[in-house]
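For reference, the structure discussed in these notes is given below.
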Amino acid sequence: MNILDELKQRNVINNITNEKKLEEFINSKPAVYVGVDPSFRSMHLGNYYTLITLIRLAKNGFKPFVLIGGATGLIGDPSGKKAERKIQPIEVIQDNAKHLTNQIKNLFDCEIVNNYDFYKDLNILTFFRDAGKLINVNYLLEKDIIKSRLETGISYAEFSYNLIQGYDFLKMYRDHNVWMQIGGSDQWGNITTGIEMIRKTLGDDNNALGLTINLLTKEDGTKFGKSEKGAIYLDKEVTSCYQMYQFLVNQSDKDVKKLLLALTFYSVDEINEIIKVHNENPSKFYAQKKLAYAIVKDIHGENEAKKCEEISQKLFSEEITTIEKEDLYNALLGVPTIEVENEINVIDLLVESKISTSKSNARNLISSKSVSINSQPVTDFSFMVKKTDSINNKFSYLKKGKKNFFLIKWK
C-alpha cells in the first residue's frame, strides 16, 4: 500500500490541489512541510493529528519540515475565527516558539524553520513588491477565511495573514525544495495562495501542491482534543500523562476506530482486529485502552504509558493506596476538584460541592456506604474532613460509589 492509499483508508485526506502532481510527488519523495502556530508553548492533540500525518510521510521516505510561525503568530491566523485574535507580546511568541521547537525535536527527526527569520530583516517595501504584487485584492476577498469576516470586520493585519503564509510556501519551495504543504481543512485558502505565488513567480511548470486533512471531530460534532477543563496538551507540565491517558480511555465506542486510524501507527488491519476484539465485550474498553497506550507511548515514551496503564488499573481497585502519592495527585487532576480551606463536615462538603443534591441525599449516600475519603469509608454523619488527614498536606480524594472520584485541594 502506498502512502496515498493509506491516508485514504485512514480517512485523513480532505482535499488535494492537484492529483496528478501528487502522483509525481509520491514517486519523487521530495520535501513536505506543516506549519505550527506558536500561540501557546505546547501543541495539543488537535495539532498532533497534523504532525502525525507528516510523520507518516517521513516514515515513507519524504523529507519532513516543520515551520513554526514566529512571524505569523505575531499577527494571528483569522481562519475559523469570528473576531480579531488578541495580540501577544513578541517575547511570549518567541518563548513559545522555543518550547515548540524542543517539543517537536523530541517527537521525531525533522528540519525545523521559523518564519520569523524570513521577515525580521525584510524591508516592508521589498515585501510589498515581491509578495504583494503577486496577489490581487479580489482574489483575497474570495477566500472564505476573509469573506466570512467582512461583515464583522477584519484588520489589515489579519487580512494580510493569507499573503504572508502564502509567501512562506514560496520561500520553502525555493529555499528547501519543499513541494507540498499539509494543513487542516481550514488552511485551504492559505495553502492555495502560496501555490498561486509560486505559479506567478516560477511559472506553470512547478511542482507545488497542497493537501488538507479532515477536521477530527467527535460524534457530537465538536473538535477532538478538548476535555471539560480545556485542551489536552502534549507538554506533561501542562497536561499530565495520566490526564491524557484517561481522556483517551474515555472516548466513545463510536469515535474510537476513527481515532485509532488518525492518531496511531497501528496498521489498518491491526485496527480492524482491535475493533473486532473490542466488540466482543465493549464494557472492557479494549479499543480505548489500546488507543490511550499507543498515543501516550508515542508522545511520552513506553515507561510513561506503562505507568498510566498501571495507575488506571489500581485507581479503581483496592490497590489505589499503593500508587505513588505524586502519581495519584496527577491522576486525579482530571476529575472534578473541590478547594477547601478549613476542616468541614462531610455532609456540608457533599452538598456545597454539589456531589449531593441535598443533605438528606448526602445522608443516604453515607448510610449506603457509598462515600469514602482517602479510601476510608465514611459511616458517621458527623465525620470531619481535615487537612491534617490529607496526603502530603496537599490533597485528599473523595470517592462516591465505585467510579466517581473528586479531588480535594487544601489551600
Side-chain angles (χ1 to χ4, degrees), residues 6-14 43-53 56 80 184-186 213-234 238-300 304-305 308-317 330-337 355 399-407:
E6 181 183 351
L7 293 178
K8 285 179 178 177
Q9 285 200 24
R10 290 181 181 274
N11 195 34
V12 170
I13 298 174
N14 173 264
M43 291 184 291
H44 51 68
L45 279 179
N47 304 135
Y48 183 64
Y49 172 43
T50 309
L51 190 67
I52 204 170
T53 305
R56 291 191 205 285
S185 56
D186 61 347
I213 61 177
N214 287 315
L215 190 66
L216 198 56
T217 57
K218 296 185 287 186
E219 60 176 313
D220 61 4
T222 59
K223 283 185 180 181
F224 168 78
K226 288 190 177 181
S227 67
E228 290 181 7
K229 293 193 172 184
I232 302 298
Y233 288 100
L234 275 54
V238 184
T239 299
S240 73
C241 298
Y242 185 80
Q243 281 178 278
M244 178 184 287
Y245 181 91
Q246 200 59 32
F247 170 80
L248 294 163
V249 163
N250 287 329
Q251 295 303 306
S252 73
D253 286 347
K254 290 183 178 179
D255 288 332
V256 70
K257 182 176 181 179
K258 174 169 62 177
L259 298 174
L260 283 163
L261 287 167
L263 296 171
T264 75
F265 292 105
Y266 294 124
S267 70
V268 175
D269 288 341
E270 285 174 319
I271 290 168
N272 288 333
E273 183 61 29
I274 288 169
I275 296 301
K276 181 181 175 182
V277 173
H278 173 85
N279 289 338
E280 291 171 1
N281 191 345
S283 64
K284 289 188 175 181
F285 299 98
Y286 177 76
Q288 286 88 344
K289 289 174 182 176
K290 295 289 281 185
L291 172 74
Y293 187 91
I295 293 177
V296 173
K297 175 180 71 67
D298 290 339
I299 294 172
H300 296 297
E304 290 289 356
C308 289
E309 188 177 55
E310 181 182 332
I311 290 171
S312 186
Q313 291 169 354
K314 289 181 176 180
L315 196 61
F316 299 101
S317 73
N330 287 330
L332 293 168
L333 283 174
V335 307
T337 301
I355 297 171
K399 190 177 179 185
K400 183 181 80 168
K402 292 183 178 180
K403 292 189 175 181
N404 297 306
F405 281 93
F406 300 85
L407 175 63

**Request:** Any chance you could lay out the side chain to side chain donor-acceptor pair (under 3.5 Å) test for Asp220 and Thr222, step after step, and finish with the verdict?
**Result:** CA-CA 6 Å; Asp220 61 4; Thr222 59; 2.6 Å; yes

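- Of all heavy-atom pairs between Leu263 and Arg56, the closest is N-NH2, 3.9 Å.
- Listed by chain and residue number, Lys236 satisfy the salt bridge (charged side-chain N to carboxylate O under 4.0 Å, His left out) test with Glu304 (two or more places apart in sequence, or in another chain).
- Scanning all heavy atoms of the two residues, the minimum distance from Gln288 to Asp253 falls at NE2-OD1, 2.8 Å.
- With sequence neighbours left out, the side chain to side chain contact (heavy atoms under 4.5 Å, CB included) criterion links Gln243 to Thr239, Ser240, Leu333.
- Within the structure, ring-ring contact (aromatic ring centres under 6.0 Å, His included) pairs that include any residue of residues 213-234 comprise Phe40-Tyr233, Phe224-Phe247 (at least two apart or interchain).
- Under the salt bridge (charged side-chain N to carboxylate O under 4.0 Å, His left out) criterion, Glu310 pairs with Lys314, not counting sequence neighbours.
- Of the possible polar contacts, one joining the Asn47 side chain to the His44 backbone as a donor-acceptor pair under 3.5 Å is found.
- Remark: of the listed residues Arg10, Lys8, Gln9, Arg10 is the sole one forming a side-chain hydrogen bond (donor to acceptor under 3.5 Å, both in side chains) with Glu6.
- Thr217 approaches Gly221 most closely through the heavy-atom pair CG2-O, 3.9 Å.
- From Leu291, atom CG reaches atom CD1 of Ile274 across 9.0 Å, with rounding to the nearest 0.5 Å.
- Taken from CD1 in Ile213 to CG in Asn11, the straight-line distance is 11.0 Å, to the nearest 0.5 Å.
- With sequence neighbours excluded, the residues satisfying salt bridge (charged side-chain N to carboxylate O under 4.0 Å, His left out) with Glu219 are Lys254.
- Asn14 contributes atom CG, which lies 9.0 Å from atom CG of Leu215 (distance to the nearest 0.5 angstrom).
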Under 3.5 Å, which donor-acceptor pairs link side chains of residues 400-407 to any protein atom two or more places apart or in another chain?
| residue | atom | partner | partner atom | Å |
| --- | --- | --- | --- | --- |
| Lys400 | NZ | Ile355 | O | 3.4 |

